[in-house]
Trainee: 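Below you will find the structure I want to go over with you.
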There are 2 protein chains.
Amino acid sequence: MSNQNIYDNQEFFDGYKKLRDDPSAANYVVEKPALFSLAPDLNNKSVLDLGCGYGENCIRFLELGARKVTGLDISAKMLEMARNENSSPRIEYINKSMTDLDDITDKFDVVFSSLAVHYIEDFDKLARDVYRLLNPGGYFIFSQEHPLTTALLNADYWTRNSENDIIHYNLTTYTVEGERKVAWLVDGVTKYHRTFSTIINSLLGSGFVIEKMLEPVPGSDIMEKCPAYKRYIHKPDFLLIKARKNS
Amino acid sequence: MSNQNIYDNQEFFDGYKKLRDDPSAANYVVEKPALFSLAPDLNNKSVLDLGCGYGENCIRFLELGARKVTGLDISAKMLEMARNENSSPRIEYINKSMTDLDDITDKFDVVFSSLAVHYIEDFDKLARDVYRLLNPGGYFIFSQEHPLTTALLNADYWTRNSENDIIHYNLTTYTVEGERKVAWLVDGVTKYHRTFSTIINSLLGSGFVIEKMLEPVPGSDIMEKCPAYKRYIHKPDFLLIKARKNS
């Protein structure tokens, strides 16, 4: 297992669990609706979920008609929760890194990945692996931290005025790709920054056709209720891409 | 003609001409090499250049083997220069806005546009028009100001330290699309901001297949020679896309 298994760190895990338990968290109000809006008809489809966490999306895929769901995660702690809270005879959870897909021989109709690929250093390899694992006509649908988020080298994201209102986003080093050590719940989480064009060209180079790209923003009603979300005026938090294997 | 014909304003035109006469200008060292790197084999091809300005790219397309080049520009002043400096029996210059393509009945193998589409309000319409004007298998290759540049509502682009070094780019209103009044050579130039996803989805919605995307950065040798280009560490100036009409 790689050192990217931050989710088995107890302090991180506890913080993450708390965050995920908040129904107004950005992944619930912004990322998940966008991810599911990209889903094709899942009826009778086989689905692979890369970085499935505690399996809440796996259950949704079944509810949407999937025949069979395989959930992969590097974290044994996450999968323990998944097996307790989101189990089904039609879901198989496998404790495995998404950097290590060579011995998977099954093929899938749809490969999803929610907020995980920015932890992966070699996105070219991941794109090639997913392409190989898909049936012809199959989809790769993923969300990741927005490239404008992964760009930064330090944690000083926003410039605010004396009333604490955001004036602008402090964008740095967008064109300098590679490793970023960030503090998120615990210190020293490693992510990888890639520009829009690198992500797109990597998918195209692996044979994918781009079908849709989203940078979702919460509705104005949500911005009113949760003023912190007004930051989305300046910068989205997530990038989502739907890509297709044509042949 | 639309009010976007800023290039026929004498003050703007003089400033623009001076800028274009500087061989270290970003369009020469960054944008043009990237644009031509996306060009397919132009041998015996018919080419349309939208916003051709004074025709320097039109001449290059001929040199690269194009059979016939049509250069379109909204500015009569620009085309006067084009006819004086870059004329050829195989180039036709037409004084026309790229928002007004309905009465063009010729078809083309490649449609280029260099640094012009960010002046166009309705990019969906432009994409549909270009798709219609292309032969099957034809390419739409364009550069534009980077979405991180068009995003800003004010001209205060950079935060600098006391030594005048750039600390970060002041990104604002990236997710708020639409009109931007900017000062560039003269006051009150109108541009239109669109996010990455809107640009990509607009092309896809018109039937195009995305083939390549570039956010070019000058080499470290150029950054050493022109320290102002170190800004590219934080933000590219240009976005380029190569799209294809498949059938």
Side-chain angles (χ1 to χ4, degrees), chain A residues 30 34 38 146-149 151-154 156-159 165-177 194-205 208-218 220 223 229-244 246, chain B residues 30 34 38 146-149 151-154 156-159 165-177 194-205 208-218 220 223 229-244 246:
Chain A
V30 183
L38 295 178
H146 199 277
L148 294 174
T149 306
L152 303 206
L153 280 174
N154 61 52
D156 198 10
Y157 279 32
W158 303 100
T159 295
D165 292 329
I166 287 171
I167 300 175
H168 57 247
Y169 180 68
N170 304 338
L171 179 64
T172 60
T173 53
Y174 172 78
T175 71
V176 183
E177 301 189 304
R194 284 174 279 269
T195 62
F196 278 97
S197 43
T198 291
I199 295 163
I200 293 286
N201 293 337
S202 187
L203 292 165
L204 295 172
F208 282 107
V209 172
I210 307 297
E211 292 234 326
K212 192 102 180 178
M213 185 167 164
L214 298 177
E215 299 165 276
V217 171
S220 51
M223 287 203 205
Y229 285 152
K230 288 194 179 154
R231 67 176 186 270
Y232 276 92
I233 290 170
H234 303 298
K235 183 194 70 68
D237 282 347
F238 309 111
L239 169 68
L240 296 97
I241 295 180
K242 178 179 189 172
R244 192 162 201 240
N246 257 359
Chain B
V30 183
L38 295 179
H146 198 277
L148 295 174
T149 305
L152 304 205
L153 279 173
N154 61 52
D156 199 9
Y157 279 32
W158 303 100
T159 295
D165 293 328
I166 287 171
I167 300 175
H168 57 248
Y169 180 68
N170 304 338
L171 179 65
T172 60
T173 53
Y174 172 77
T175 71
V176 183
E177 302 190 304
R194 285 175 278 270
T195 62
F196 278 96
S197 43
T198 292
I199 296 164
I200 293 285
N201 293 337
S202 186
L203 292 165
L204 295 172
F208 282 106
V209 172
I210 307 297
E211 293 234 323
K212 191 106 182 174
M213 185 166 165
L214 298 177
E215 297 166 276
V217 171
S220 52
M223 288 205 205
Y229 285 151
K230 287 191 180 158
R231 68 176 185 271
Y232 276 92
I233 289 170
H234 303 298
K235 184 195 69 67
D237 282 348
F238 309 110
L239 169 68
L240 296 97
I241 295 179
K242 179 178 189 173
R244 193 161 199 240
N246 256 358

Trainee: At a heavy-atom separation under 4.5 Å, does A:Ile200 approach chain B through its side chain, its backbone, both, or neither?
Mentor: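 Contact with chain B is through the side chain of A:Ile200 alone.
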Trainee: Against chain A, label B:Thr159 side chain, backbone, both or neither, depending on which of its atoms sit under 4.5 Å from a heavy atom there.
Mentor: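 Just its side chain gets close to chain A.
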Trainee: State, yes or no, whether a side-chain contact exists between B:Asn170 and A:Ile167 at a heavy-atom distance under 4.5 Å.
Mentor: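 Contact flag for B:Asn170/A:Ile167 side chains = no.
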Trainee: My understanding is that only residues two or more places apart in sequence, or in another chain, count here; which of them pass ring pair (Phe, Tyr, Trp, His ring centres under 6.0 Å) with A:His146?
Mentor: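 Per chain and number, A:His146 pairs via ring pair (Phe, Tyr, Trp, His ring centres under 6.0 Å) with A:Phe196.
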Trainee: Going by the rule salt bridge (Lys or Arg N to Asp or Glu O under 4.0 Å), which residues pair with A:Arg194 if we only count those two or more places apart in sequence or in a different chain?
Mentor: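 If we apply the salt bridge (Lys or Arg N to Asp or Glu O under 4.0 Å) test to A:Arg194, skipping adjacent residues, there are no hits.
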Trainee: With only heavy atoms counted, which part of A:Val176 is less than 4.5 Å from chain B, the side chain, the backbone, both or neither?
Mentor: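 Its backbone and side chain both get close to chain B.
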Trainee: How far does CE of B:Met213 sit from CG of A:Leu203, to the nearest 0.5 angstrom?
Mentor: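 Going from CE on B:Met213 over to CG on A:Leu203, the span is 11.0 Å.
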Trainee: Using heavy-atom distances under 4.5 Å, tell me whether A:Thr173 contacts chain B through its side chain, its backbone, both, or neither.
Mentor: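 For A:Thr173, the contact with chain B is made by backbone and side chain together.
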Trainee: Taking the side chain as every heavy atom from C-beta outward, state whether A:Thr172 and B:His234 have any pair of such atoms under 4.5 Å apart.
Mentor: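 Heavy-atom side-chain distance check passes, below 4.5 Å.
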Trainee: Based on non-hydrogen pairs under 4.5 Å, which of A:Leu214, A:Leu204, A:Ile166 is most in contact with chain B?
Mentor: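 Going by pairs under 4.5 Å, I would pick A:Leu204.
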Trainee: Which atom names give the shortest non-hydrogen contact between B:Thr175 and A:Lys235, and what distance separates them?
Mentor: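 Distance-wise, the nearest heavy atoms are CG2-C, 4.2 Å.
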Trainee: Pick whichever of A:Leu148, A:Leu239, A:Leu240 has the most heavy-atom pairs under 4.5 Å with chain B.
Mentor: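 Most pairs with chain B among the choices: A:Leu148.
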